[in-house]
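The model shown is predicted, which means the values in this text are computed figures rather than measured ones.
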Amino acid sequence: MALKVSARGRVPPFIVMDVMKAASELEALGRDVIHLEVGQPSTGLPFKAVEPVKRLIGESALGYTVANGIDELRDRIVGHYRTAQGVQVEPESVFITTGSSAGFQLAFLAAFDAGDRIAVASPGYPAYRHILSSLGLEPVLLQVGPEERFQPTVEILEELDGKIDGIIIASPSNPTGTILPKPEFERVIEYCRSNDIRVISDEIYHGISYGMDVTTVAGVSRPEIVINSFSKYFSMTGWRIGWLVVPPDLRRSIECLAQNHYISPPTISQWAAVYAFDCIDELQANVARYKTNREILLQSLTDIGFGRIAPSDGAFYLYSDISSQTNDSVSYCSELLDQTGVAMTPGVDFDPVNGRRSVRISFAGSTENIEEAARRITQSQQR
Ligand SMILES: Cc1ncc(COP(=O)(O)O)c(C=O)c1O
């Protein structure tokens, strides 16, 4: 028998998740592991949202909702754009999704046809490449570095060989945390509009920045697609809930795709997200914790001579060059985990070309854990 197995399903692993699995296996053996590999806040759903969610479980059948999500949540998102960023967004442009991960599928399916070419920065979030190729789309890697703050520029786009149909921009970026300053961001958007390139702006780290402003592409009747999520700023990774802001020409097809692929996003999570909007003080306290953690780690890594670290303007990552220590970030991370119980992610997950010389360290955990991790890393370098 030779049953067919699809080539589309043959995507590389998301290495972060493999490292997390190895770290969890060590934990199961009784080792004390500190998770700096995964971009996940150590906090959960904000406290004030917990009681109303519990009540709802007792009182409501929590059945399906309409495919684009409940009005209450879409209205809160519209209000959030108004108060946090001073931006007007139409309620009918907001689509609630099962995490931003489902948002990518919907956006890519609605905007592109098989064979289309989509530019992504490298280093960049690996799932962009892998979701694109599993859908028959071609990721076009834009090799970016410290000169352009690890972000795409018009100059890089002008040098591309062949036409691209779309581009994913993430500012702040994962893995670097770098932000594209507003004038450069707008130049890229202008260039894409004049060259019929659909922009998908992954704004999942908006709300988490350390002094620099972020730019949203959300607005009335704009051609760009916004991807966002409750996983990071709202500290709700496991609730699997996110949203899109969708331009008019894609709304009906995204609605039909969502109806067929997902029926509706998780109902309980939609309500939890509504209540999370009442907890902005707590969420801001989380951001203050990330800022403290960032300073602690930056100081320790600089003290032990880690190489160039990308300017971590936002998100909760440090992306560091480790070529002074090794040219094999995979072995480096695995040995560090084994020796110290500190898990971090090798750069190859984010950059197949140069990632063997880099690591990504997440500082989304508790300050106590970050201090302990810094102590263990320092000790291991002194051996
Ligand atoms: C840049 C970026 N986009 C999207 C995601 C996916 O997040 P979720 O599906 O939890 O919304 C992540 C997760 O780490 C990310 O870093």
Answer yes or no: is there a donor N or O on one side and an acceptor on the other, between the side chain of [X] and the main chain of [Y], under 3.5 Å?
X	Y	answer
Asp165	Arg117	yes
Glu224	Ala218	no
Glu148	Leu180	no
Ser300	Ala374	no
Ser100	Gly242	no
Asp116	Asp113	yes
Ser358	Gly347	no
Asn293	Gly365	yes
Lys163	Asn195	yes
Asp328	Val330	yes

Co-members of the apolar cluster containing Tyr64 [side chain, <4.5 Å]: Ile263

Regarding [X] and [Y], is there a side-chain donor-to-acceptor distance under 3.5 Å anywhere?
X	Y	result
Tyr233	Glu203	no
Thr237	Gln40	yes
Thr176	Ser173	yes
Ser235	Thr43	yes
Gln299	Asp303	yes

Is there side-chain contact between [X] and [Y], with heavy atoms separated by less than 4.5 Å?
X	Y	result
Arg198	Pro247	yes
Gln381	Gln325	yes
Phe95	Glu255	yes
His130	Pro126	yes
Arg294	Tyr210	yes
Val214	Pro172	yes
Leu56	Val53	no
Leu142	Leu160	yes

Any Lys/Arg nitrogen of [X] or [Y] sitting under 4.0 Å from an Asp/Glu carboxylate oxygen of the other?
X	Y	answer
Lys54	Glu51	yes
Arg187	Glu155	yes
Arg308	Asp321	yes
Arg74	Asp71	yes
Asp313	Arg149	yes
Glu90	Arg251	yes
Arg376	Asp32	yes
Asp278	Arg76	yes
Arg360	Glu37	no

Glu92 atom CD, over 12 foreign heavy atoms within 6.0 Å: yes

side-chain contact (heavy atoms from CB on, under 4.5 Å) involving Lys48 - partner list, sequence neighbours excluded: Cys279

Plane angle bin for Phe108 and Phe112 - parallel if under 30°, tilted between 30 and 60°, otherwise perpendicular: tilted

[X] [atom1] to [Y] [atom2] distance, which is reported to the nearest 0.5 Å:
X	Y	atom1	atom2	value
Arg31	Leu337	CZ	CG	7.0 Å
Ser122	Asn354	OG	CG	7.5 Å
Ser201	Ile189	OG	CD1	6.5 Å
Arg357	Ser320	CZ	OG	12.5 Å

Close aromatic pair by centroid cut-off 6.0 Å: His80 and Phe277: yes

Phe234 ring center near Trp239 ring center (under 6.0 Å): no

Pairs satisfying ring pair (Phe, Tyr, Trp, His ring centres under 6.0 Å), at least one member in residues 317-371, at least two apart: Tyr205-Tyr317

